[in-house]
Every structure is written in structure tokens, then in C-alpha cells.
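One structure below.
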Amino acid sequence: MIAEVIVDVPAKQTDRPFDYVIPQSLETVIQIGMRVVVPFGPRKIQGFVIGIKPHSTLNKLKEIIEPLDLTPVLSESLISLGNWLSEETLSYRISAYQAMLPAALKAKYQKKLLVPKENKPLLPQTLQSLFANQESIMWEEAKETGYLSLLQQEVTKGHIQIIYEVKDKIKKKKRLAIRSALSIEDLKTYQSTLTQRAQKQHDVINYFIEHNDWIFLTDLTATLQISNAVVKELVKKEVLEESEREIYRDPYANRYFKRTEPLQLTNEQQEAIDPIHDRIAKSMHEVFLLYGVTGSGKTEVYLQSIQKVLERGQEAICLVPEIALTPQMVHRFKGRFGNQVAVMHSGLSAGEKYDEWRKVQRGEVKVVVGARSAVFAPFENLGLIIIDEEHETSYKQEENPKYHSKDVAIKRGKQGSFPIILGSATPSLESFARAKKGVYTLLSLPKRMNNQDLPHVDIVDMREELRSGNRSMFSSSLLEKLQVRIERKQQTVLFLNKRGYSSFVMCRDCGYVVNCPNCDISLTYHRHQQQMKCHYCGFEDHVPTVCPECQSDHIRYFGTGTQKVEEELHKVLPEARVIRMDVDTTSKKGSHERLLNEFQKGHADILLGTQMIAKGLDFPNITLVGVLSADTMLHLPDFRSSEKTFQLLTQVSGRAGRHQLPGEVVIQTYSPEHYSIQLAAEQNYDQFYEREMMIRKGLKYSPFYFITLITVSHEQLMKALDVTEKITTFLTSRLTKSAVCLGPVASPIPRINNRYRYQCLIKYKREPELNQSLKQILDQYQQEVTSTSLKISVDVNPFILM
DNA sequence: AGCACGCCGACT
DNA sequence: GTCGGCGTGCTC
């Protein structure tokens, strides 16, 4: 039999199946969807079997070397989903497949030089020492020795072999388990032969007389207070037997989740859930947009919809934006569905992710709660996919394949004939527009569950503060309110919007800004390491003490980091206990959750943080939310910046007063008159929607037009510009009259890592030929992409236009 | 992506 | 005359 294999070589020319003979011995083993090792040129690489057929049109085929899996890692439905994905996003099939699987399943390759024992004496003296203690050395090591040409000569002579290895990254976690190898009768007989001195052995035998089952060695030694030696001795005597048992790394082991029961739904919730339950019961595909204000009880709707799906023997996926809200979300899901839940998010180690994925694959769980890529969870009988906070940008992957989870979910929903729920308090304009058009079904939860009023919002004009002599980052109004909370022992969340506004170093005399030498972007000041770093290419430099331009020593860092805010807070409110949450304090595993726990327990008065605290916080004692600088992302070169500002402010404001105590919100801004800030303060989504839609219509942006962004980069500015120009011309000729093709324009970041970047932006209503044209472009420049440093990136429906 | 094959400049 | 530079094209 012949296997069709997609090989792990992400390139245009290899983006097609290659045929391999399945050796006789593997005929019953190899199945569609398995990973295999295949010879490819002189190398050995990994590939996915995507088809098995009796004959091939080619005659001299190579054989599959070995399978990497016992059972397929991709089902046929996932393979076809992968094919669709690569088609939609114009990415390689291998990239699409890999994106659907945990990273642990991606192979690692090793190249080695091997000298068979008998050849050792044949090597020249200089090389002998290299192989004195070992048969083989790594290629990388060999390169460092500087004897590469000498080594290559020996390779041609046949004294040294080059071998390629495919290393499976997976390490299944294993522990040693022990059980009795004898019957209870025989155990007793054996026990009677033991001498008086062998008390420990006696105990062990006793244990196994009582428990006729496997036990982990570590548990056994702990319970009986004995050493490994005692057990090993009995294993050697064949009284006991041992076996490696695979165990899951359970990131939520030893954690107790209080079991919860379905809550009584409000009338509104009931009205929202009825149509969902109806489609689940009828196995009908439909996309619901669940538009519910913060605190309106969307999660309970999710939980009870999942409940319904489980009752029908189906499975469900619930996507959540990122680690940010998972601790609380996980609690609610594990509380309701116990160990039927697997969790997949970026906070887990590769091994943990792999184990969670395997629980799904083996059918040991029925529900997955996870971030973007969890939409590919390998369920075979899905009944529902929920996307919570559907407007979140983290659902869009910025690397190839540049997919959006929402599109994947809807595709799976159509294929499997089941409903999709998109939930948000601030739906993306795209989704809301579709709901209004009737493409999605709108379900509204306009009231908070406890009928608690939305918090009162105060907009503070920071220019005014400045004029009245307050140069600190806290307005007098915010400071006053902070003091009141501390007196009343209530809690405050302070939110620092840092997106697109990192701390940079500028000379106060001449205005010189420290830029990256490789990228056209300012370097970011990293306080704890006392260094300047580039977020795009990784360049690092010392912090300058004098201005390189004018030699002035008035060179300072600008921008407000959380650390700086913390310091300031300490000065003005020395008695306040502050917990700071940002990339620095949460980088360690589990620290995110730990900090939140501490705050929840009341160990601090103020929680200070960035984006990551904007979502999911739901603590009863929070009565004040302060946004230190609301407009930092308002001025980004992005047509969605107003929408994002509105969503973020609404989201943050929703953190206050979710329970009995009423909440208050202070928004500090330099542009208080801006509609997205004004309307966020009123929590007026509908008016924001109307207003923003007008603007989008005028500018021909989404949701009125689809957008595709092509970014061309090259070491030479002229080359990048030239290619972009040609692409733009070509596309313009291929597009219909209703489409707009803008370009070539320099990218908002015109240079990254010494590569110049130009782009072409296409806005269109309906272009059935566009995909074909884009493919043609990629084909056209294929040679230049492989031979020169030209790169062409296509992003269909981009989220950020960088 | 790698890697081999193949054609032109500076070296023993 | 050879070693080694990297342009071109292939990998079942």
C-alpha cells in the first residue's frame, strides 16, 4: 500500500502530498492521521499520513521508516479542517496541521556525524581525538571545531557517516508502580519464610495481602515508611513486580473545586437559552451572538448549554481570551463539570498541554476550556462551541496560519451541524452588524443579574489637572476616592493601559528618542535589568546617561510603567498595600493565580495592573476602578483603536460593584471629549455602535468591507517597494470596481530587523477571485522568496494593520 | 527548509 | 591546476 504524506517542510514547493510505500510489516499499523518518519532527500523528516491508496503514479518510491504514533493524532475531519484552514489563510498544509496539535507533537531534528568503531583508526590524527570517547558528535559541535572540510573529506571517503534523526519531543510522564507477583496464598507462604530481622519486608507483604492492586512506588514507600531498597529486593526475588505507569501531569491536581449546581435562571437568561437548547436538541447549526452587559450572567448560560450538550452524549468547547481570566473561569467549569473538563491555555507547560490534549483525544473529558487553539480540540462528536469575549484580539493568530478562532468555530459548527455561541458585553462591530443583518441570531442580556446598577463613571480631564498644578499621575478626584476605600477597607483596581505606549527614553533638551538600530521603532526601557530592548528584533543596549545627539544629561525615560505607578502610589498613600500585576510579576508559573488569590483574600487594598486584569475579575469587595490613562491606545494607527478603547474601558468599568456594594469608576484621560471614552463611561454600546459604524462606512473599513493586508519585506528598501508596487498593480487589474487597493505604503513599522516593510491594503465587498490572485502572487515570487531575502505575508482579515 | 550539484575567482 | 564561493533546482 502507498501512503500520501505531507512532509514537515514549510515551503511552497513541498506543500503537496508525497507518496511512500508502506512496508509490509507496517501495513496494519499505519493509518491516516498518523505522524510518520520518512526519508526526504538525504534527510529523515516527520510527516502526516493524509491518505492511503493501493497504487501510485510514480514507480520508484521510498518506504516509510516508522510511525511516530500508536493512534492517529489527526482525525479525518481534522485533516479536512486543516486543508480548509490552509486554503483560507494561504498557508502551508503542514503549518495548518501543526497549528491544530499541541507543540509537543512537533518533531525535533538532529544531524550527527557517526564513526563506526572499525573506521576510527582510518581517521587522520586531528580527528581521532574528536571521536576518542564517542562514536558520534552533533553537527553543530562539529562546526565549532573548525575541521568541517576535513570531516567532509572523510564523509566522501565513507569513513564518517552523516545521520539524521527525528526526535519526538514528547515525554510521557511515567512513574514506577508495584504490585504483587504472587497470589495471596503464595505471599503468605513467602512471608512465613522471612526471618525476624526482615521486619520491613514483612510489612510490605502485609500491605499486598490486604491490597491486591498496583500502587506507585513513591506512595508505597511513603505509607509504609520504608526505603526503595526493600521493595527492589522483593522485586528481584520476583515476589513483587514493577511496571512503568504513564501518568498525566495535572496542572490542577490537589486542587479542590467546590461542586456547583445549575443556578435558577432569570427570565432573561431563560429567554436567551431557549433557542440555544432548541438548536442543540435539533442538531442545527446557527450562530448566536449573546450580547450581555458585564455581570449579566453569560457564564451560567454557557454552563447550562454545555450541560444540555453533555446530556446528549456530545462534547463542547468553550474558548476564553487568554490566561487572564482562566483561574476564575476554570473554577466555574471544574466546579460544574468536575473532571470532565480539560484546560488548555498558554500558562501550561508543553507537557501539560500535551496531557490535556490527550485527555480529549482519548475521550476522557467532554469539555475543553481554553484559549485560541483549543478550537481545534480533537473531539469527534461536538455539540457546541462557545467563544467568550468574542471581540478579543487574542483569538486571531498573528503567525501563520493567520486564523481567527471564530471562523474555525463556525466552520466546525457547519460541518458538525451544531450551534456556536459568541458572547460579549461589547461585541465586535463585525459580529453585531451580522447579528443585525440576521446572519447571526442576537440574544440579549441587558440587565445585571442582581439588578445592581452599573457603576457610576467619572471622566477626569488630565489637562485640567495639569493646569491646576497637579503633575502626578493621580488626579485629585482619584486620590480622594482611593483614600476613602482604604479607610472603608474596600478594594480598588488600578488599570494602566500600556498598549502601544511603552516606556521610552527621550532627551528633554533636544527631543532625541533612543531608537532600535535595526527597526524603526523606539527601544523600550526595562527597569529591572537596566536595559533598553527592542520588542521586535530583541536588540539590547545600555541605558544612555547622556544624549547621543546633544550630549545633554537631561535624558530620561518617559511613559508610565506599572513599577513607576507603584512607587508613586507608595509616596502618596504609604499605608496602602499594593499588588502589582504585569509581565514581570506574573512570568513565573502560577504567580498570576497566586496574586489574584492574595488580592481576593484581602491582603491588599489596591490591585495595579495592565491588560491582564481587565477581564474576569469578579471580587465582591472591589468598589473602585481607576483607569490611569484611557487614551493611550486611542491614537494608534489602527482603524479599530476607538473600538478597542471603548471595549477596554467598558470591560474595566465592569469590574466594580458586581455584588452588593455599589461601584465607582474613574477614567483619567487627555481627550475626555472623545466619543469612545464618553460612551464607554455611559456604557452605551448601542450608540457607540451607530457612531463607529458611520465612520467605518465612510472610510470603507470592516464590517462594510473585507480587508486583506499584504506585507512585503526585504533588506533593500527599493526591492520591497518595487515588489509591493508590482503586486498592487497586478491586484488592481484583477479586482472588481467596488474594491479598493491601497499601496504601496510603508508599513506602520517601516523597518524590522533591518528589513524594510511595505504594504498593500485591499478593501473589498465580494471578490471570489481574490484568493486565486493572491496564490498567483505567492507563486510568482516563489523563487525570489527562496533565493533572496524577500518575504511576502498575506493576512486575510487582519486585526492589526502593522 | 536543507542539501547536492554545478559553475567561476584566489590560492598552494 | 584546486578549494570553496553561493546561484539553481529537487526532495516520493
Side-chain angles (χ1 to χ4, degrees), chain A residues 1-24 26-27 30 32 34-68 86 90-99 103 106-114 124 126 138-143 145-158 160-167 169 399-401 713-716 719 755 778-793:
Chain A
M1 294 295 266
I2 308 297
E4 293 182 291
V5 176
I6 298 286
V7 293
D8 182 14
V9 181
K12 190 93 197 146
Q13 291 151 296
T14 51
D15 189 28
R16 61 187 174 85
F18 284 79
D19 287 357
Y20 286 90
V21 170
I22 303 175
Q24 203 86 63
L26 293 175
E27 275 219 327
I30 303 289
I32 291 176
M34 276 186 180
R35 296 174 306 145
V36 288
V37 178
V38 291
F40 198 67
R43 301 179 285 163
K44 272 199 250 176
I45 56 171
Q46 193 199 68
F48 289 88
V49 177
I50 55 137
I52 293 177
K53 56 189 182 182
H55 306 289
S56 171
T57 48
L58 290 115
N59 36 30
K60 40 177 193 207
L61 297 184
K62 290 184 182 174
E63 285 192 343
I64 286 180
I65 296 170
E66 57 173 348
L68 281 167
S86 81
L90 294 135
S91 52
Y92 307 124
R93 284 167 79 174
I94 188 70
S95 317
Y97 297 156
Q98 279 167 350
K106 207 172 149 186
K108 268 198 161 166
Y109 300 103
Q110 277 184 353
K111 188 179 172 184
K112 283 180 179 174
L113 292 174
L114 178 105
T126 31
M138 302 292 259
W139 179 259
E140 282 71 28
E141 266 177 69
K143 267 204 296 202
T145 61
Y147 296 135
L148 215 55
S149 64
L150 212 54
L151 286 162
Q152 248 151 3
Q153 279 171 29
E154 295 304 308
V155 171
T156 31
K157 281 185 205 160
I160 299 180
Q161 292 169 17
I162 298 182
I163 52 169
Y164 299 89
E165 280 180 3
V166 179
K167 275 253 151 81
K169 258 195 250 173
E399 300 88 54
N400 271 327
S713 72
H714 196 276
E715 288 160 359
Q716 285 156 4
K719 185 72 191 167
R755 304 173 57 84
L778 293 177
D779 272 340
Q780 174 108 43
Y781 290 98
Q782 183 201 313
Q783 291 100 325
E784 286 194 67
V785 168
T786 34
S787 59
T788 76
S789 76
L790 183 70
K791 275 192 188 130
I792 302 176
S793 133

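Below, chains carry the letters A, B, ... as their sequence lines are ordered, and counting in each starts from 1.
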Whole-Å gap separating [atom2] ([N]) and [atom1] ([X]):
X        : N     : atom1 : atom2 : answer
A/Lys44  : B/dG2 : NZ    : C1'   : 16 Å
A/Glu140 : B/dG2 : CD    : C1'   : 13 Å
A/Leu148 : B/dC3 : CG    : P     : 11 Å
A/Lys12  : B/dG2 : NZ    : P     : 19 Å
A/Tyr109 : B/dC3 : OH    : P     : 12 Å
A/Glu784 : C/dG7 : CD    : P     : 14 Å
A/Lys111 : B/dA4 : NZ    : C1'   : 11 Å
A/Gln782 : C/dG7 : CD    : C1'   : 16 Å

Legend entry - Pair A/Glu140 + A/Lys143, salt bridge at N-O below 4.0 Å: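 No.
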Legend entry - Donor + acceptor pair across side chains of A/Asn400, A/Ser91 (<3.5 Å):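 Short answer, no.
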In a table with atom names and distances, give each donor-acceptor pair under 3.5 Å that connects a side chain of residues 6-15 of chain A to protein atoms at least two apart or in another chain.
residue : atom : partner  : partner atom : Å
A/Asp8  : OD1  : A/Gln98  : NE2          : 3.3
A/Asp8  : OD2  : A/Tyr109 : OH           : 2.7
A/Thr14 : OG1  : A/Val9   : O            : 2.7
A/Thr14 : OG1  : A/Ala11  : O            : 3.3
A/Asp15 : OD1  : A/Arg93  : N            : 2.9

Inset, instruction - Could you check whether A/Tyr92 gets within reach of a base, just the sugar-phosphate, or nothing at all, counting any heavy atom under 4.0 Å? - result: nothing
Legend entry - Min side-chain heavy-atom separation A/Thr788-A/His714 under 4.5 Å: yes
Inset, instruction - Answer whether the closest heavy-atom distance between the side chains of A/Ser95 and A/Glu399 falls below 4.5 Å. - result: no
Between the protein and nucleotides 9-12 of chain C, list the N/O to N/O atom pairs that are separated by less than 3.5 angstrom.
residue : atom : partner : partner atom : Å
C/dT11  : O3'  : A/Gly41 : N            : 3.0
C/dC12  : OP1  : A/Tyr20 : OH           : 3.3
C/dC12  : OP1  : A/Pro39 : O            : 3.1
C/dC12  : OP2  : A/Lys62 : NZ           : 2.4
C/dC12  : O3'  : A/Asp19 : O            : 2.9
C/dC12  : O3'  : A/Lys62 : N            : 2.7
C/dC12  : O2   : A/Asp19 : N            : 2.5
C/dC12  : N4   : A/Arg16 : NH1          : 3.2
C/dC12  : N4   : A/Arg16 : NH2          : 3.1

Legend entry - Expected output: side-chain A/Gln46 to main-chain A/Arg35 donor-acceptor under 3.5 Å: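 Judged by distance alone, no pair lies under 3.5 Å.
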